[in-house]
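Notes follow once the structure below has been shown.
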Amino acid sequence: MSTERYNAREAEPRWQRIWDERGIFRTRNDDPRPKYYVLEMFPYPSGRIHIGHGRNYVMGDVVARFKRMKGFNVLHPMGWDAFGLPAENAAIERNSHPGIWTYENIDTMRGQLKLLGLSLDWSREIATCDPSYYGEQQRIFLAFLKAGIAYRRESEVNWDPVDHTVLANEQVIDGRGWRSGAVVERRKLAQWFFRISDAAQELLDGLDTLERWPDKVRLMQRNWIGRSEGLHVRFAVQGPAPLSEIKVYTTRPDTLFGASFLALSPGHPLTEALAADDPALAAFVEDCRRGGTSTAEIETQEKMGFDTGLKVRHPLGGDPLPVYVANFVLMEYGTGAIFGCPAHDQRDLDFARKYALPVTPVVLPPGADPAAFAIDAIAYVEDGTLYQSGFLDGLAIPDAKEAVAVRLEGETLGGAPVGERAVNFRLRDWGISRQRYWGCPIPIIHCTACGPVPVPEAELPVRLPEDVSFDQPGNPLDRHPTWAHVACPACGGPARRETDTMDTFVDSSWYFARFAAEPGAVPLDSAAASHWLPVDQYIGGVEHAILHLLYARFFTRTLKKLGRLSVEEPFAGLFTQGMIVHETYRDAAGRWLFPEEVEKRADGTAVRIGTEEPVTVGAPEKMSKSKRNVVPPEAVAEGYGVDCARWFMLSDTPPERDSEWTQAGIEGAWRFVQRIWRLVGDCLALAGEPVARPDAFGAESTALRRAAHKLAAQVEEDIERLRFNVAVARVHSFTNLLNDAIVAARKGPVPADVAFALREAASFLVRVVAPMAPHLAEECWTVLGEAGLATQAPWPEVEPALLVDDTVTLPIQINGKRRADITVPAAASPAEVERAVLALDAVVKALDGRAPKRIIVVPQRIVNVVA
RNA sequence: GCGGGUGUGGCGGAAUCGGUAGACGCGACGGACUCAAAAUCCGUUUCUGGUGACAGAGUGUCGGUUCGAGUCCGACCACCCGCACCA
């Protein structure tokens, strides 16, 4: 038996160097093998990675390595989502440039990722802050502009009145600026948008084609797009008013006879027109504006209304309705105006109770007494039958909706139909302007004479100036002495560059297409992208289920329409992995401690190493720098080796769930790595020199070969289905069996068939673990005397005959309870099985001479005797 | 509030189609080796009763369908996630 341990610390860097020197992860676009594109969501270079970041890269790496062994030409690239606010914050703190911090972090993190032994094609590495990348993005922007997909309009931003700066939503904390603490105001600025709402229907329909996406993510996108079907209804305003009609959107036209008011959004044009002559209304609108933008605040906000004094005619002949301005009506959805039916909508009911408006129920619950039914504090929103509703009385809700639609489509107001069927989406256009420095400049020049003029293509990229300072609040591009001041490309007159930059979600909306291009090629190479897209397996956190994935889908569809890409959907397969969590530790003073500062005692308590002071152990949480519950990859690599870290990450917990990082777990992985090393050595020592395949195999060698071939077949399926934890369990199971075989073989001289089976078992085992523990596999592969690299070895060839057993053991149930089992030839017919079962002692005893009522024989599965 | 998911030993979890519940690992306990320890190896480990063969119970709760339910159906409980004044 080999007593020498596997030395990961020595072997891992050695193999990484060899992989690197031979360039085996470099991918060529002209490789004739079938393509497979694996991608993990690229990281933001925030500083250093901890082991919690590594899980999705390791999972992607297992898939990439496995697919290579199966004969695919695999693309597995890596890059950096490098623009963003944290770099600017770092620049403010250090009084330096965001790019310095960003590129330092990229260097650090690249080294850390390399440490994990990932099979990445680093030659295709990109950073979105590289001018060659964002220059192409500017070209895309201009193409969008030309196609009418990008446009400019006024929109509200968070404005910090002390720092005189625009704040991102995450910089607004409890309604106040994160630095100044000042109450944030809403201000209107002209900003750029992408017309994603026009694509709402196709983005919704496209979800049905994404069969390899989690249902959960598809549902979240479906809800986010939020399609609803309803009716536009135009109400005529009585008497003199700035507008003669008000158009509302409703999904409940059936409740029109229960309407008791109309409500306008504070931002509605009619509201604005009325407020111009009505200081009280203007003050009310101002009041509504002051409320915070956070959802929590909106939720708790009380309903507020302002009676405009206007009345509208009821389109179906009911009483005239008063028109209010109400804080709960959104300008961005529908028409910015609603009709209120308090009896059947909770918000309308709350409003009606506050302002003493009538509450008329028009939908009667099934079986309710119309004379007794009344609405108190809860609106009735369930099924029912229409009543108190004229021509709708007696109809079910869907029929009433239809009847109202038909009737109002037939009525006219000012020459147009009163009612019009309409589909509404929750999805709004994507505002991409950010009043920030560290982002992709929007390639537009504003000319007082010509308006916004695109930067000519030849002048792209519009580069960010390097000489900027962050010692004052606001966007340094705004106060740069020369950068923004340029001549208008159209008229040559003095003009000013757009100083807004793009939302960083734009950067991540096409990077997967950028990776398709070989190094040095044009950034968005249509032919290369057609070859590689869609991504076969995309892996990332579920926190990107909506925005990033929706924007990337929108970009891909749009780029296809513009002839730049050939697919509509970027990601054929999506997997959302769980987080790695770790216990937290605090000392007596409540300070967070790093795991390496803490020693856990056998009695369950924990103390601080060195000082022996007691430590409070908190529940496992997402690894985060602030709580110090992080484990650096370097520490694991030096202590146990990265294969142990990889193995542990894949073990036990299903990949979509959160997984707890523990000392015991990493030690278990270490033991297993050593066990594989030892078993491979043992197989070799027993088998001796390689032997030719024997003509016949005995029972012992056949059993071992069956197990090895089943292992390869099952792990293949497990990896295909990303069930890494199950794959790991199967490998464990196999090593238990292999160990038994080794112990048995030691008892005497090893026959040739057993020797062959032992070598084969070792070879299978090494290749099966190769995607998960690649360094160990290389070391074992060398020991086995195999030529080439394990990484480049083919996945074990499975002999189908070895996957089926010739006998099968069936459990025997009597009245549904397991009482015995029976081993029969796998080919036995149900009748033969039944005969054998009836002869069993336990069955004879249970039947006690009577005939069984029924016998159910499920071939290969179970037999149930009903006595 | 709306939508979705999850619930199995001390712990992480396994269980194609409804077919032996608890694979595999961790932990624990016992043993071998050792002067001793570490490492390694072997064994036990759902609960209850029994020395034991064995018997009974058991997959959040209650009920149902079925020869047979962790799996299907109905009601409920708990936790988690997403959205949230979307008319």
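Naming convention: chains lettered A, B, ... in sequence-line order (proteins, then strands); numbering from 1 in each chain.
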Proximity of A/Phe328 and A/Phe351 rings by center, below 6.0 Å: yes

Separation of the P atoms in B/rG18 and B/rC24, to the nearest angstrom: 25 Å

Spacing of A/Arg657 atom CZ relative to B/rC11 atom P, expressed in whole Å: 14 Å

Length of the CG-C1' vector between A/Asn815 and B/rG19, whole Å: 16 Å

Sugar-phosphate only, base, or nothing, as touched by A/Val858 at under 4.0 Å among non-hydrogen atoms: base

Pairwise C1' distance for B/rG64 and B/rG13, with rounding to whole Å: 30 Å

Sugar-phosphate only, base, or nothing, as touched by A/Val329 at under 4.0 Å among non-hydrogen atoms: base

Nucleic acid contacts of residues 648-656 of chain A, taken as heavy-atom distances under 4.0 Å to RNA chain B: A/Asp652, A/Thr653, A/Pro654

Nearest listed nucleotide, side chain of A/Lys303, among B/rC24, B/rA84, B/rC85: B/rC85

Sugar-phosphate only, base, or nothing, as touched by A/Arg227 at under 4.0 Å among non-hydrogen atoms: nothing

Touch class at under 4.0 angstrom, heavy-atom based, for A/Asn736 against every strand present: sugar-phosphate

Touch class at under 4.0 angstrom, heavy-atom based, for A/Arg428 against every strand present: base

Sugar-phosphate only, base, or nothing, as touched by A/Ser659 at under 4.0 Å among non-hydrogen atoms: nothing

Sugar-phosphate only, base, or nothing, as touched by A/Asp348 at under 4.0 Å among non-hydrogen atoms: nothing

Sugar-phosphate, base or nothing in reach of A/Arg730, heavy atoms under 4.0 Å: nothing

